[in-house]
> 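Before I ask anything, let me first share the structure, which is written out below as structure tokens.
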Amino acid sequence: MVGVAGGIAAYKACHLVRDFKEHGDSVRVVPTQAALQFVGAATFEALSGNPVSTTVFDDVDSVQHVNIGQHADAVVVAPATADVIARIAAGRADDLLTATVLVATCPVIVVPAMHTEMWQNPATVDNVATLRRRGITVMEPAHGRLTGRDSGPGRLPEPEQIAELVRTELAGYRMGQGLAGKKIVISAGGTQENLDPVRYLGNRSSGRQGFALAEIAAQRGANVTLVAGNTEKLPVPSGAKVRNVVSTAELQAAMEEEARDADVVIMAAAVADYRPAHIAESKMKKGQADAELSSIQLVENPDVLKGIVAKRDAGELNPNAVVVGFAAETGDATHSALDFAKEKFLKKGCDLLMANEVGEGKVFGQSDSEGWILSRGAAPQVVAHGSKHVVASQILDAVQEIMSN
Ligand code: CTP
């Protein structure tokens with residue numbers, strides 16, 4: 001079922017319906033009354049080949065909401081406005097769309113589209129967190145041009161990306177609970193290294209990729225532990241346990257402890273490679289020690305990923321654990337980002353490496369990422385420019401592939 005809420009992006013739902021139909025899916029479109037202000041019922045009926053209604057009072061004898069909700073393989077709400085997200089979060093059933101979502105037991109994917117201010121409003125943030133806690137996948141909106149002159153996060157992702165996410169979610173769901181009973185440990189976010197009680201060295205990793213992995217792994221039945229570095233603002237996915245850490249030393253200790261009995265270990269965190277050699281016990285004052293402040297002595301941090309691979313290979317962890325690393329790469333005059341990624345894959349010794357090309361505002365803190373999945377004995381798999389949820393699904397597919405061999 002494709003639910004369509006009343007926003008300007010409703011026209012993109014037409015492309016989404018067409019994409020599903022071209023892949024041989026049968027589609028029921030359930031718009032809200034407001035959505036029909038943007039796209040007429042006749043358009044959705046013609047594209048889907050099915051009748052369209054907005055209320056439970058049409059065609060009452062077939063009890064439409066129960067019928068659609070019980071029989072759908074997937075429910076995708078695209079675009080989902082702030083209003084429809086609020087109504088779903090509140091468990092309301094005041095039209096056919098929300099009533100159907102309440103009945104559905106299949107995967108539900110909500111794809112928000114709204115102005116940046118509405119997306120970032122604490123009410124919406126809370127509602128999205130509620131949906132995710134309940135196991136609904138909420139895709140991150142894309143960044144870009146919105147209605148009018150504004151631009152920012154809040155744009156509906158492209159229909160092909162939405163369809164791709166729905167397909168990978170469904171494949172994962174049908175693979176069953178391919179990860180049922182498996183313990184997956186995922187590091188997410190970035191580590192921070194203290195300079196004094198109020199200052200630190202850190203990076204801009206938002207943690208979104210690690211959290212998307214946790215969300216999808218939990219939906220596939222895994223028992224998920226997130227070791228999260230400085231990601232306080234992100235909602236904890238339903239079914240995942242979170243251990244918050246700040247520094248690389250804390251992250252390493254938590255990862256090595258959690259990895260002991262893990263089936264899969266994913267290092268999605270951006271780990272600080274260096275830390276200050278000395279941490280001042282009290283706040284450094286301006287002018288206090290100019291010489292001390294003008295250069296900061298750094299010492300190298302341990303490589304957590306390499307350490308985990310070494311421990312696994314030494315039999316200190318589950319010897320069959322699948323270990324996944326990440327790499328953020330830029331190319332240079334003689335090497336492409338992919339060349340560097342291949343080098344890093346060999347150096348780290350992990351089973352899979354998700355390599356992202358970074359630079360020009362790509363990846364960190366953005367909702368889109370692009371890159372390659374490297375795995376031994378296989379050609380690099382290009383990961384299409386997609387949402388972090390799509391990337392997460394593809395990484396977990398590759399993990400499941402290795403586990404099934
Ligand atoms: N990583 C780690 N411990 C570190 C640094 C990185 O476990 N001290 C992990 C990251 O979580 C990621 C992978 O190693 O999974 C690659 O991280 P990246 O920063 O790209 O690699 P580096 O080894 O730091 O290489 P460089 O910065 O020189 O490219």
Side-chain angles (χ1 to χ4, degrees), residues 184-193 200-214 225-231 243 245-259 262 264-277 298-313 317 321-332 334-359 362-365 369-376 380 383 388 391-392 394-396 398-399:
I184 300 202
V185 184
I186 302 166
S187 70
T191 56
Q192 294 177 354
E193 305 294 350
Y200 62 84
L201 299 178
N203 61 66
R204 291 205 189 96
S205 172
S206 68
R208 285 201 182 93
Q209 184 63 72
F211 274 59
L213 277 159
T225 300
L226 261 168
V227 173
N230 310 298
T231 58
R243 287 181 65 164
V245 294
V246 176
S247 66
T248 303
E250 285 172 22
L251 181 126
Q252 182 180 34
M255 285 304 285
E256 291 193 350
E257 188 186 322
E258 292 293 344
V264 183
V265 181
I266 305 181
M267 277 295 300
V271 180
D273 287 327
Y274 294 91
R275 65 180 184 280
L298 300 174
V299 288
E300 198 170 343
N301 270 328
D303 190 313
V304 182
L305 175 61
K306 259 183 162 173
I308 286 172
V309 172
K311 287 200 158 153
R312 178 199 59 186
D313 295 346
L317 311 175
V322 178
V323 181
V324 183
F326 269 73
E329 302 293 345
T330 53
D332 67 11
T334 50
H335 292 81
S336 68
L338 180 58
D339 293 335
F340 285 126
K342 286 178 178 166
E343 231 172 75
K344 190 167 286 174
F345 183 42
L346 291 177
K347 201 173 72 187
K348 299 278 183 179
C350 49
D351 304 294
L352 289 172
L353 187 83
M354 173 67 222
N356 288 302
E357 188 165 12
V358 292
K362 289 177 187 168
V363 182
F364 280 137
S369 84
E370 58 187 340
W372 307 266
I373 296 175
L374 304 186
S375 102
R376 263 181 242 127
V383 177
K388 289 192 166 28
V391 171
Q394 291 179 336
I395 292 170
L396 290 173
V399 166

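As the structure lists them, so they are numbered: ligands from 1, and atoms in each ligand from 1.
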> Below 4.0 angstrom, N of the basic side chain to O of the carboxylate: do Lys347 and Asp303 qualify?
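No salt bridge links Lys347 with Asp303.
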
> Can you see which heavy atom on Asn203 is nearest to which on Gly190, and at what distance?
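That would be OD1-CA, 3.6 Å.
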
> Would you tell me whether Asn301 and Glu193 have side-chain atoms, one donor and one acceptor, within less than 3.5 Å of each other?
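Yes, a side-chain donor-acceptor pair sits under 3.5 Å.
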
> Glu329: what forms a salt bridge (Lys or Arg N to Asp or Glu O under 4.0 Å) with it, not counting sequence neighbours?
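Testing Glu329 for salt bridge (Lys or Arg N to Asp or Glu O under 4.0 Å), a comparison that skips the adjacent residues, returns Lys344.
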
> Can you confirm whether more than 12 heavy atoms, excluding those of Tyr200, are under 6.0 Å from its OH atom?
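Open: at most 12 neighbouring heavy atoms sit under 6.0 Å from OH of Tyr200.
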
> Near ligand 1, which residues have a heavy atom under 4.0 Å away from one of its atoms?
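Close residues (ligand 1, cut-off 4.0 Å): Met267, Ala269, Val271, Asp273, Pro302, Asp303, Val304, Leu305, Gly325, Phe326, Ala327, Ala328, Lys344, Lys348.
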
> Between Thr334 and Asp339, what is the shortest heavy-atom contact and its length?
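Looking at all heavy atoms of both residues, the shortest contact is O-OD2, 4.4 Å.
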
